[in-house]
J.: 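Here it is, the structure, as structure tokens.
Count residues from 1 along the sequence. This is a predicted model, so every value here is computed, not measured.
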Amino acid sequence: MRLQGKITRWDDQRGFGFVTQNGDDKAVFVHISAFEDNQRRPLQGDIVSYELSADQQHRQRADKVRFVSPTSSRSHSFRPNRPPRRLRGIMQGILLIGLLVFSALSWRTTPHPTAGDSPQIAIPTSTTQGFQCSGKRSCSQMTSCEEAMFYLKHCPGVEIDGDHDGIPCEQQLCGH
């Protein structure tokens, strides 16, 4: 059964908010991944239709969300304004050079075994459980609690444990 309501709160950086059903005052959680129409990002005040589902902790959440109100002039695309292709290519080149320089410098400062040292087996920490540190930084970019746990343990610069209790993405994915 589809319901209709209004997005009463939306945090675009974190990729989630709350929908309040028409004629009701109870807000229901909605995640950016629940939107079927990827034409634009949601905004507070948007009218949407949705179905109710339950998360792993049996809490209600909006699912299969569609915009009811026509696209407003204040809306913005899922794909942010991009720089021209040529500029993107230049930026990618600079990033690649920076990564190569960083790799070379870290190789020079990392102690390496000499002939007398016993060999050690390196265990990669960035690909366990099929996950890789691929630049994701926030909970809205994660697809599962397991991925968020991996990023928290192995990937620098993530912002997914706001209360620093060792449990990432508590409101979106890990639900503790």
J.: Report whether I97 and L105 are members of the same hydrophobic cluster (ILVMFWY, side-chain heavy atoms less than 4.5 Å apart, transitive linking).
T.: yes
J.: What's the spacing between F35 CZ and F67 CZ if we round to 0.5 Å?
T.: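 Taking CZ in F35 and CZ in F67, the distance rounds to 5.0 Å.
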J.: Hydrophobic clustering (ILVMFWY, side-chain heavy atoms < 4.5 Å, transitive) - are V65 and F29 grouped together?
T.: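 Per the 4.5 Å side-chain linkage, F29 and V65 are not co-clustered.
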J.: When you look at L3 and E51, which way does the side-chain contact (heavy atoms from CB on, under 4.5 Å) test go after all the steps?
T.: CA-CA 6 Å; L3 304 171; E51 293 180 13; over 6 Å; no
J.: Take K64 and E36 through the test salt bridge (charged side-chain N to carboxylate O under 4.0 Å, His left out) and record every step on the way to the result.
T.: CA-CA 6 Å; K64 299 179 182 176; E36 292 180 337; 5.9 Å; no
J.: Same cluster or not: V28 versus I32, using hydrophobic residues (I, L, V, M, F, W, Y) connected whenever any side-chain heavy atoms lie under 4.5 Å apart?
T.: yes
J.: Atom CD1 in I94, atom CD1 in I90: separation rounded to 0.5 Å?
T.: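 Interatomic distance, I94 CD1 to I90 CD1, rounded to 0.5 Å: 7.0 Å.
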J.: Check for me, please, whether V48 and W10 land in the same ILVMFWY cluster - side-chain distances under 4.5 Å, paths through other members count.
T.: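 Yes, because V48 and W10 connect within a single hydrophobic cluster, where side-chain heavy atoms sit under 4.5 Å apart.
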J.: Under the side chain to side chain donor-acceptor pair (under 3.5 Å) rule, what do S49 and R66 come out as? Steps first, then yes or no, please.
T.: CA-CA 5 Å; S49 69; R66 297 180 198 145; 5.1 Å; no
J.: Given C169 and C139, is the disulfide (SG to SG under 2.5 Å) satisfied, shown in steps?
T.: CA-CA 6 Å; C169 305; C139 291; 2.2 Å; yes
J.: For a quick test of reading the model, state the closest non-hydrogen atom pair linking F18 to A27 and the distance between them.
T.: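 For F18 versus A27, the nearest heavy atoms are CB-CB, 3.8 Å.
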J.: Using modelled atom types only, decide if a donor and an acceptor are shared between the side chain of R41 and the backbone of D12 within a distance under 3.5 Å.
T.: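 Side chain of R41 to backbone of D12, a donor-acceptor pair under 3.5 Å: yes, one is there.
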J.: Specify the closest pair of heavy atoms between Y50 and A62, including all atoms of both residues, with the distance to one decimal.
T.: CD1-CB, 3.7 Å
J.: Grab the two heavy atoms, one from M149 and one from P168, that are nearest each other, plus how far apart they are.
T.: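 Here M149 and P168 meet closest at SD-CD, 3.1 Å.
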J.: Grab the two heavy atoms, one from N22 and one from G5, that are nearest each other, plus how far apart they are.
T.: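 Answer, listing the atom of N22 first, then G5: OD1-CA, 3.4 Å.
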J.: Identify the two heavy atoms, one from Q57 and one from D55, that lie closest to each other, and give their separation to 0.1 Å.
T.: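 Looks like N-OD1, 2.9 Å.
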J.: Answer yes if I7 and F16 sit in the same cluster of Ile, Leu, Val, Met, Phe, Trp and Tyr residues linked by side chain heavy atoms under 4.5 Å apart, and no otherwise.
T.: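 I7 does not cluster with F16.
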J.: For a side-chain hydrogen bond (donor to acceptor under 3.5 Å, both in side chains) with T8, tell me which candidate from D46, T20, D25 qualifies.
T.: T20
J.: With rounding to the nearest 0.5 angstrom, report the NZ to CD distance, K6 to Q44.
T.: 9.0 Å
J.: Looking at every heavy atom in both H31 and R61, which two are closest together, and how far apart are they?
T.: CB-NH2, 3.5 Å
J.: Is there a side-chain contact between R9 and D11, using heavy atoms and a 4.5 Å cut-off?
T.: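 No; the side chains remain at least 4.5 Å from each other.
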J.: What's the spacing between F150 CZ and C145 SG if we round to 0.5 Å?
T.: 14.0 Å
